[in-house]
Amino acid sequence: DGGITQSPKYLFRKEGQNVTLSCEQNLNHDAMYWYRQDPGQGLRLIYYSQIVNDFQKGDIAEGYSVSREKKESFPLTVTSAQKNPTAFYLCASRQGNTGELFFGEGSRLTVL
Amino acid sequence: AQSVTQLGSHVSVSEGALVLLRCNYSSSVPPYLFWYVQYPNQGLQLLLKYTTGATLVKGINGFEAEFKKSETSFHLTKPSAHMSDAAEYFCAVSAGTGFQKLVFGTGTRLLVSP
């Protein structure tokens, strides 16, 4: 089945540690996205990539980094510079030019 | 810049009652509009979308929404609520050059009581 796979689903991290969230898609979509979700704040865009080897900052990129070396993969690193990293992270890919996004199941990061 | 406002962080209905979730948008260009549903600890699933053409859009699970340009609204409705409709609902608008991004509202949690 085609879709988006995020891993791990749950992750615990100590303060000061970097952590990388995986996102893989087999939908053959060019564009991929990372959103952060916090209660009552909806989804906020962290980074997005329209094509391999290119990506742009979203609204809340500080403390995060990404890479796009392959069309299928768009990993997100939450660095120690992110002051409040505990959140639910959602990866998505875009179909065509209508803007519709397809989402993964999410990764919940908790900083201890 | 495009933006979305969802009125009411929580909406409660009885099973069998009408569901109405409100969404107003702001866009400097003709918008593409979306409603997504999210169940606990899961990703978002597309309910329906408006791009061009017919302003009344039908989606999955009996939901529909009407694009009203004069009111800048895209409210989501369902004639009869079911217990399984309890979830969080997000309205979104396409933004950016070539509609590269989706901007989401803050979400409305729908509670359905027996």
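Here is how names work: the chains are called A, B, and so on, in the same order as the sequence lines, proteins then strands, and each is numbered from 1. Please read these numbers as outputs of a predicted model, since none were measured by experiment.
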Q. CD1 of A:I51: more than 12 outside heavy atoms within 6.0 angstrom?
A. no

**Q.** A:D38 side, atom CG; B:T106 side, atom OG1 - distance, nearest 0.5 Å
**A.** 12.5 Å

Q. Relative to chain A, which segment of B:Q45 carries a heavy atom at a distance below 4.5 Å: side chain, backbone, both, or neither?
A. neither

Q | Single-linkage hydrophobic cluster B:I60~B:L21, side-chain heavy atoms < 4.5 angstrom | A | yes

Q. Do you know which of B:E88, B:R109, B:Q6, B:K49 has the most heavy-atom pairs with chain A at a distance under 4.5 angstrom?
A. B:K49

Q | Minimal non-hydrogen separation, B:Q42 against A:F88, with atom names | A | O-CE2, 3.6 Å

Q. Side chain, backbone, both or neither: which part of A:L45 has a non-hydrogen atom closer than 4.5 Å to chain B?
A. side chain

Q) Between A:Y35 and B:L102, which heavy-atom pair has the shortest distance, and what is it? A) OH-O, 2.8 Å

**Q.** Shared hydrophobic cluster, B:V19 / B:F90 (ILVMFWY, side-chain heavy atoms < 4.5 Å)
**A.** no

Q. Less than 4.5 Å apart, any side-chain heavy atom of B:N41 and any of A:Y10?
A. yes

(Q) Please enumerate all residues that pass side-chain contact (heavy atoms from CB on, under 4.5 Å) together with B:E71, with sequence neighbours excluded. (A) B:K68, B:S73

Q) Do A:F103 and B:F63 share a hydrophobic cluster (ILVMFWY, side-chain heavy atoms under 4.5 Å, transitive)? A) no

Q) Are B:Y50 and B:L46 connected in the hydrophobic side-chain network, where two residues link if heavy atoms are under 4.5 Å apart? A) no

Q. Among all residues two or more places apart in sequence or in another chain, which pass the side-chain contact (heavy atoms from CB on, under 4.5 Å) test with A:Q50?
A. A:A31, A:Y33, A:Y48, A:Q56, A:R94, B:Q100

Q: Could you look at B:T51 and say if it's the side chain, the backbone, both or neither that has a heavy atom under 4.5 Å from chain A?
A: side chain

Q) So what's closer than 4.5 Å to chain B heavy atoms on A:L90: side chain, backbone, both or neither? A) side chain

Q: Check the pair A:L43 / B:L44 against side chain to side chain contact (heavy atoms under 4.5 Å, CB included), numbers first and verdict last.
A: CA-CA 10 Å; A:L43 279 70; B:L44 277 67; 4.1 Å; yes

Q.
Could you go through A:L101 and B:Y36, starting from their C-alpha distance and side-chain angles, then the distance that decides it, and tell me whether this counts as side chain to side chain contact (heavy atoms under 4.5 Å, CB included)?
A. CA-CA 10 Å; A:L101 299 185; B:Y36 283 85; 3.7 Å; yes

Q. Checking heavy atoms, do the side chain of A:Y89, its backbone, both or neither come under 4.5 Å from chain B?
A. neither

Q: May I ask whether B:L76 and B:L56 are part of the same hydrophobic cluster, defined by side-chain heavy atoms of I, L, V, M, F, W, Y residues being less than 4.5 angstrom apart, directly or through others?
A: no

Q: Heavy-atom pairs under 4.5 Å with chain B are the metric here; pick the option from A:Q6, A:E105, A:R108 that has the most.
A: A:E105

Q. So with a 6.0 Å cut-off around NZ of A:K9, is the heavy-atom count from everything else above 12?
A. yes

Q: Flag the pair A:Q41 / B:F104 as yes when at least one side-chain heavy-atom distance between them is below 4.5 Å, and no otherwise.
A: no

